[in-house]
Amino acid sequence: MKNERLDEMIRLWRGKRLAVLGLGVSNRPLVRLLLAGGCRVVGCDKTPRESLDDEVLELEARGLELRVGPGYLENLEADVVFRTPGMHPDNPALVRLREQGAEVTSEMEIFFRCCPCSIIAVTGSDGKTTTTTLIAQMLKASGYRVHLGGNIGAPLLPHVDEMEGTDWAVVELSSFQLMDMKHSAHIAVVTNVAPNHLDVHRDMAEYVEAKKTVFRFQQPGDVTVLNLDNEITRSFAPEAAGEVRFFSRQARPGTGVFLENGVIYRARDGKVTPVLEQKDILLPGIHNVENYMAAMAALEGLVTDEAICRVAGTFGGVEHRIELVRVKDGVRFYNDSIASSPSRTIAGLRSFPEKVILIAGGYDKHIPYEVLGPEICAHVKRLFVTGTTGEKIRRAVVTAPEYREGAPEIVAIEDFDETVLAAAASAEPGDVVLLSPASAAFDKFKNFMVRGRHFKELVMGL
């Protein structure tokens, strides 16, 4: 079934010059959609022509005009610009284009404008991918047709023709995607907010404001789900236009979901109902209990308790999130490459009852690491640091009040492969070796997924 709103947009765009900034995997379906609609499209990317892959060259053969390499944005002219999420809205080239009258939008913004079904959007510093996936799984278990995408995977805009009004679209949104959006979801979830991505955002205040966009344009009747235990997200409640539901490990919200004595309860209208026992959740770690509570709060009244319990007992998690890679000679190896911030690594460390051998370090996002030091002292027997942030992490540990010489033992190795092999060689039966970098991957890898898969290859090769 044709999506009339998208068809109307494409009809209006045919007489204009469209620019898609960034030709990575996520924007290529958008380029295909625009070209198929008869639009004139210029694809802009900093990658030099000689390094372009075959798919981009195939799009050129279909009519895409390429502007690539250094200076790819110089003197660019366009009527409509699709911003790649990693580019700040105040990039000088975008400012100039706006001043010249261009409309600056994004694939996700257009999707929100065209989507024929209700949208659930999840954002946060940590836990958003698992929470997004849990929401989708619970909806499916209750018989709904679900479209999962956004920051978590494939773009959804090219699939709006397949969607029906009774479906649900479940999207993960990063702060980069949210920065200049003018639409919000029917149900918005903020898992938590802690310092992150300060290499792109001007400061913490801008990062926080970006997260608020997930609910900023809601209407009465919409729903906002917030973490009651997180000071920043708790402060969002007065700004929400719709119903606010909290989830908490530390208190009983009047409306929402909470954990008490190992049981997750639902609270509404003065009534408290037990739904799920913590021990029945297959995923390890208290942070995953929080992810379940966030998902349950979002779906209150939409899914059955039986569906929630079925997902809890069968869902094994998302790749790169405390993923058990293998057990060799009594040593368990876990891939938590998604942990690109201290708060995420802290959650990973707290998932294990024993002290672990930790591999940490990577690209520097200019976020503070002091909070990580005490946690490493409490949960790590041996620390291997690598990458650009390795020294920052080492310093956070040795300056922590809890640190004692050799507890933990700290080993610094520049090369990632050598670090992994050294950590593995130091392990004894019963040990846990955990890759949880507390840093982004960009110093040595394209993204956290490539880093995680490379770690798994090294471990499988032991």
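On a predicted model such as this, the values are computed, not experimentally measured, just so you know.
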* Asked: What's the verdict on side chain to side chain contact (heavy atoms under 4.5 Å, CB included) for F333 and R326, showing C-alpha distance, side-chain angles and the deciding distance?
  -> CA-CA 6 Å; F333 293 85; R326 74 179 296 194; 4.1 Å; yes
Compare all side-chain heavy atoms of [X] with those of [Y] and state whether any distance is below 4.5 angstrom.
X	Y	result
L283	R321	no
T233	V193	yes
D364	S439	no
I376	P408	yes
Y207	S125	yes
S426	I357	yes
I367	S341	yes
V190	N230	no

Verify, without hydrogens or angle tests, whether [X] (side chain) and [Y] (backbone) share a donor-acceptor contact under 3.5 angstrom.
X	Y	result
D53	V56	yes
E323	H320	yes
T419	I413	yes
T130	G127	no
S106	R83	no
R28	E55	no
N288	G285	no
D329	V331	no
N447	V450	yes
D126	T191	no

Would you give me the side-chain donor-acceptor pairs under 3.5 Å for residues 116-123, sequence neighbours excluded?
{"unit_1": "T123", "atom_1": "OG1", "unit_2": "L173", "atom_2": "O", "d": "2.7"}
{"unit_1": "T123", "atom_1": "OG1", "unit_2": "K211", "atom_2": "NZ", "d": "2.8"}

Separation between [atom1] of [X] and [atom2] of [Y], rounded to the nearest 0.5 Å:
X	Y	atom1	atom2	answer
R382	K355	CZ	NZ	12.0 Å
N291	F315	CG	CZ	9.5 Å
C44	L23	SG	CG	7.5 Å
E405	I410	CD	CD1	8.5 Å
E107	T105	CD	OG1	9.5 Å
L276	Y292	CG	OH	7.5 Å

* Report the C-alpha separation of E109 and R113 in whole Å, then their side-chain angles, then the decisive distance to 0.1 Å, and conclude whether the salt bridge (Lys or Arg N to Asp or Glu O under 4.0 Å) test is met. => CA-CA 6 Å; E109 178 79 22; R113 290 166 62 181; 5.6 Å; no
Which pair of heavy atoms, one from [X] and one from [Y], lies closest together, and at what distance?
X	Y	answer
F112	A185	CE2-N, 3.7 Å
A347	S351	O-OG, 3.0 Å
G150	Q177	C-NE2, 4.1 Å
I393	A360	CD1-CB, 3.9 Å
A141	V311	CB-CG2, 4.1 Å
P368	E370	CB-OE1, 3.3 Å

* Verify whether one side chain among E243 and T255 offers a donor that lies under 3.5 Å from an acceptor in the other. =>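 The answer is no; no qualifying pair exists.
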* Report yes or no: do Q218 and S184 form a side-chain donor-acceptor pair below 3.5 Å? => no
* **Residues in ring-ring contact (aromatic ring centres under 6.0 Å, His included) contact with F445, at least two apart in sequence or another chain** =>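 ring-ring contact (aromatic ring centres under 6.0 Å, His included) check on F445 returns F416, H454.
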* Asked: Do I187 and W168 pass the side chain to side chain contact (heavy atoms under 4.5 Å, CB included) test, and can you show the C-alpha distance, the side-chain angles, and the key distance before you say yes or no?
  -> CA-CA 11 Å; I187 301 175; W168 284 92; 4.1 Å; yes
* Asked: Can you check side chain to side chain contact (heavy atoms under 4.5 Å, CB included) on V325 and M460, steps first, answer last?
  -> CA-CA 8 Å; V325 178; M460 295 308 295; 4.1 Å; yes
Could you pull out all residues at least two apart from [X] that satisfy salt bridge (Lys or Arg N to Asp or Glu O under 4.0 Å)?
X	value
K446	none
R234	none
D280	none

* For the residue pair F352 and Y334, categorise the inter-ring angle as parallel (less than 30°), tilted (30 to 60°) or perpendicular (more than 60°). => perpendicular
* Is R453 paired with E319 through a side-chain N to carboxylate O contact shorter than 4.0 Å? ->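 Looking at E319 and R453, the cut-off is met.
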* Is E375 salt-bridged to R350, cutoff N-O under 4.0 Å? -> yes
* **side chain to side chain contact (heavy atoms under 4.5 Å, CB included) evaluation trace for T386 with V420** => CA-CA 10 Å; T386 187; V420 173; over 6 Å; no
Can you give me every donor-acceptor pair (side chain of residues 296-305, partner residue at least two apart or in another chain, under 3.5 Å) with its distance?
{"unit_1": "E300", "atom_1": "OE1", "unit_2": "R268", "atom_2": "NH1", "d": "3.4"}
{"unit_1": "T304", "atom_1": "OG1", "unit_2": "A307", "atom_2": "N", "d": "3.0"}
{"unit_1": "D305", "atom_1": "OD1", "unit_2": "R266", "atom_2": "NH2", "d": "2.4"}

* **E231 atom CD: more than 12 heavy-atom contacts under 6.0 Å** =>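 Counting neighbours around CD of E231, 12 or fewer heavy atoms of other residues, nucleotides or ligands fall under 6.0 Å, so no.
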